[in-house]
Amino acid sequence: MAAFLMRCLFSMFAEDVKLIPPDSFTNLPKDMAKTPENAAPMLQELWEKMNVGEFSTAIRHKVLRFNGGLFADSTALPLDSQQIALLICAENKDWKTVEPAIFGTLAHFGGILVRRLAHDAPSYSRVGASGKPGAVRSAALKRIK
């Protein structure tokens, strides 16, 4: 989930600083709203192309290659209409003032957290998790705060 959100945020940032064509990512969620079942394949195709620097059929433009590993795993999560609406709302913000280094910082600390939780998997109770869906994530967020 975290990597998916980071790819979304970086895509918004990339558009606002003109690393991808204007309105290309902005228009993508609007297109996805018409057919939510196509959201994941469209995002995944775009991110695959951002990883290698090729023409993206999702935004109908050639994109630059973005190295650094953010798009090495281009997996996109399925989105419903409500989630697409939230993505559209987020896209309407001005992302160009975001410090690009934050993406690396988030990836670094997110990776540490995931590795730690995976290492502690047999003892979720040590992080305050009850074993219910979402409990590990909830407990981890409490520990971060």
Side-chain angles (χ1 to χ4, degrees), residues 1-121 124 127 129-145:
M1 173 67 87
F4 171 81
L5 291 174
M6 283 187 26
R7 285 189 291 273
C8 287
L9 294 176
F10 186 85
S11 298
M12 294 175 203
F13 168 80
E15 179 184 275
D16 286 352
V17 297
K18 300 182 180 12
L19 294 174
I20 62 176
D23 297 323
S24 57
F25 194 77
T26 300
N27 291 332
L28 191 56
K30 293 173 186 171
D31 289 342
M32 294 184 311
K34 300 169 193 162
T35 53
E37 65 275 7
N38 294 334
M42 291 172 75
L43 287 169
Q44 187 162 327
E45 189 275 340
L46 170 62
W47 294 335
E48 287 171 354
K49 300 310 180 187
M50 290 174 80
N51 188 52
V52 295
E54 293 178 357
F55 184 85
S56 167
T57 57
I59 64 168
R60 299 175 197 93
H61 289 280
K62 184 179 187 311
V63 293
L64 297 173
R65 178 178 179 266
F66 294 87
N67 58 10
L70 182 59
F71 299 104
D73 174 6
S74 59
T75 304
L77 301 175
L79 300 174
D80 61 28
S81 297
Q82 195 171 23
Q83 293 163 327
I84 292 170
L86 291 172
L87 191 57
I88 292 169
C89 184
E91 177 54 46
N92 289 325
K93 305 297 181 195
D94 183 3
W95 292 94
K96 67 178 164 273
T97 58
V98 172
E99 174 59 43
I102 193 70
F103 296 107
T105 302
L106 289 172
H108 175 73
F109 287 109
I112 289 171
L113 178 63
V114 167
R115 283 191 301 280
R116 182 161 184 180
L117 288 174
H119 176 72
D120 292 345
Y124 286 146
V127 293
S130 64
K132 296 177 184 170
V136 172
R137 180 186 65 219
S138 177
L141 290 175
K142 287 178 188 172
R143 288 180 69 184
I144 292 171
K145 290 180 182 176

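Residue His61 comes nearest to Pro21 through the heavy atom pair CG-CG, 3.4 Å, listed as atom of the first residue, atom of the second, then distance. Among all heavy-atom pairs drawn from Ile20 and Phe25, the shortest one is CD1-CB, 3.9 Å. Contact between Ala58 and Glu45 at its shortest, heavy atoms only, is N-OE1, 3.1 Å.
One finds the OG atom of Ser11 at 8.0 Å from the CZ atom of Phe66 (value rounded to the nearest 0.5 Å). Interatomic distance, CG of Asn51 versus CZ of Arg7, reported as 10.0 Å (0.5 Å rounding). Here the CG atom belonging to Leu70 is positioned 5.0 Å from the CE atom belonging to Met6, to the nearest 0.5 angstrom. Here the CZ atom belonging to Arg60 is positioned 8.5 Å from the CG atom belonging to Asn27, to the nearest 0.5 angstrom.
Taking Lys93 as the reference, nothing meets the salt bridge (Lys or Arg N to Asp or Glu O under 4.0 Å) condition, with sequence neighbours excluded. Checked against side chain to side chain contact (heavy atoms under 4.5 Å, CB included), Ser74 has the following partners two or more places apart in sequence or in another chain: Gln44, Trp47, Glu48. In this structure Asp73 satisfies the side chain to side chain donor-acceptor pair (under 3.5 Å) test together with Thr75, sequence neighbours excluded. Annotation: side chain to side chain contact (heavy atoms under 4.5 Å, CB included) contacts of Val17 (sequence neighbours excluded): Phe13, Leu19, Lys96.
Residues Leu43 and Leu28 are in side-chain contact: their nearest non-hydrogen atoms beyond the backbone lie under 4.5 Å apart.
The backbone N or O of Lys62 sits nowhere less than 3.5 Å from a side-chain atom of Lys49 that would complete a donor-acceptor pair.
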Go through the steps to decide whether Val63 and Phe71 satisfy the test side chain to side chain contact (heavy atoms under 4.5 Å, CB included), and finish with yes or no. CA-CA 13 Å; Val63 293; Phe71 299 104; over 6 Å; no
Return all side-chain donor-acceptor pairs below 3.5 angstrom for residues 83-92, not counting sequence neighbours, or 'none' if the list is empty.
| from | atom 1 | to | atom 2 | distance (Å) |
| --- | --- | --- | --- | --- |
| Gln83 | OE1 | Asp80 | N | 2.8 |
| Glu91 | OE2 | Thr26 | OG1 | 2.7 |
| Asn92 | ND2 | Ile88 | O | 3.2 |

Which donor-acceptor pairs under 3.5 Å do side chains of residues 32-42 form with protein atoms, sequence neighbours excluded?
| from | atom 1 | to | atom 2 | distance (Å) |
| --- | --- | --- | --- | --- |
| Thr35 | OG1 | Asn38 | ND2 | 3.1 |

